[in-house]
Structure formats: structure tokens, C-alpha cells
Amino acid sequence: MGNSTTPPNDINSLREAGVILQHFCESVASRLRDEQKKGRVVSIYPRDTNLKSFSRQRRLQESTNISTEILKVAMELLEDNYVFQYCHLDRLGFM
């Protein structure tokens, strides 16, 4: 399960990306709970304004359907792998 978006404005900071990721995590966690499932891997796939994209993922120690646990890992992945001062994002995906 996942989500992605190309917002009307570029994503200029980790804080702005965090708002989008929080929405994604809450949506995915809710769908997991509705289906009585849990996930074990968190993946992000951002694309910058130069149309360069990458993906990063991390396996969780335990499966979860709790949005705050998923968000923490997604934010760590983005913070550890992207520097907003060089180029902004124009798309952000999450799974």
C-alpha cells in the first residue's frame, strides 16, 4: 500500500515533506488496520525539480500499522538521504 503526490508547489523543506508524509502514513496505516494487516518495510521515493529520483527503504524490527511508527522511519529515510538546500522536490511517494 502506498501513496504519491505531485503537489502544486515544490516541496522546499523537510518540514513541508513531513506534512505530506504524515498524511500518507495516516492513510496507509488506516488502510492496513481496515484490512487487519501490518507492514514491515517503509519506502520513500522522492523526485527533485531536476527530475532526478531515488528510492530508499528500511525494514522494521516488527510489523506495524501505527502511523507514528511508520512516519518516524519515513522521515529518517528522507532526512538521511536528501538535502533540500541544493534542490527542492516536486514529487514524493511513500510505500
Side-chain angles (χ1 to χ4, degrees):
M1 287 185 201
N3 287 330
S4 68
T5 188
T6 302
N9 299 311
D10 292 345
I11 303 165
N12 299 313
S13 68
L14 186 62
R15 179 188 292 185
E16 290 178 17
V19 171
I20 294 169
L21 285 173
Q22 181 177 7
H23 175 73
F24 287 168
C25 291
E26 289 170 355
S27 173
V28 168
S30 176
R31 293 190 336 237
L32 285 169
R33 287 190 300 272
D34 287 348
E35 295 186 22
Q36 298 178 356
K37 295 182 178 181
K38 294 182 178 184
R40 183 94 189 227
V41 176
V42 175
S43 302
I44 61 165
Y45 42 101
R47 182 180 74 189
D48 68 24
T49 53
N50 293 323
L51 304 180
K52 293 183 180 178
S53 61
F54 66 93
S55 64
R56 296 291 183 271
Q57 63 183 18
R58 184 173 298 157
R59 185 178 192 94
L60 306 174
Q61 289 185 351
E62 294 183 30
S63 298
T64 188
N65 58 14
I66 300 171
S67 62
T68 54
E69 293 176 3
I70 299 167
L71 177 61
K72 180 179 184 287
V73 174
M75 289 297 292
E76 288 171 356
L77 285 169
L78 188 57
E79 186 173 17
D80 291 348
N81 292 283
Y82 196 76
V83 179
F84 282 90
Q85 73 186 54
Y86 300 119
C87 193
H88 301 149
L89 298 176
D90 72 353
R91 182 175 178 84
L92 184 57
F94 166 84
M95 188 168 16

Original post:
Mind checking what makes side chain to side chain donor-acceptor pair (under 3.5 Å) contact with Thr6, not counting sequence neighbours?
Top reply: Arg91

Original post:
Please, which pairs that meet ring pair (Phe, Tyr, Trp, His ring centres under 6.0 Å) have at least one residue in residues 68-95, sequence neighbours excluded?
Top reply: Tyr82-Phe84

Original post:
About how many Å separate SG of Cys25 and CD1 of Ile20, when rounded to the nearest 0.5 Å?
Top reply: 12.0 Å

Original post:
Rounded to the nearest 0.5 Å, how far does NZ of Lys38 lie from CZ of Arg33?
Top reply: 11.0 Å

According to side-chain contact (heavy atoms from CB on, under 4.5 Å), who are the partners of [X], at least two apart in sequence or on a separate chain?
| X | answer |
| --- | --- |
| Val19 | none |
| Gln57 | Val41, Ser43 |
| Arg56 | Ile44, Phe54, Leu77, Asn81 |
| Arg15 | Ser13 |

Original post:
Is it true that atom CD of Glu35 has more than 12 heavy atoms of other residues, nucleotides or ligands lying nearer than 6.0 Å?
Top reply: yes

Original post:
Does the side chain of Asn3 reach to within under 4.5 Å of the side chain of Arg31, using non-hydrogen atoms?
Top reply: yes

Per-pair distances, 0.1 Å, donor-acceptor, side chain in residues 65-74, under 3.5 Å, sequence neighbours excluded:
from	atom 1	to	atom 2	distance (Å)
Asn65	ND2	Lys37	O	3.3
Glu69	OE1	Thr64	OG1	2.5
Lys72	NZ	Glu76	OE2	2.8

**OP:** Search all heavy atoms of Arg40 against all heavy atoms of Gln61 and return the closest pair with its distance.
**Re:** NH2-O, 2.9 Å

Subject >> Exercise: identify the closest heavy-atom pair between Leu92 and Phe24 >> reply: O-CE1, 3.5 Å

Original post:
Would a hydrophobic clustering, with Ile, Leu, Val, Met, Phe, Trp and Tyr connected at side-chain separations under 4.5 Å, put Met75 with Ile11?
Top reply: yes

Original post:
Can you list the residues that meet the salt bridge (Lys or Arg N to Asp or Glu O under 4.0 Å) rule with Asp34, with sequence neighbours excluded?
Top reply: none

Subject >> Pairs involving residues 45-55, ordered by first then second residue, that meet side-chain hydrogen bond (donor to acceptor under 3.5 Å, both in side chains) (sequence neighbours left out) >> reply: Arg47-Asp90

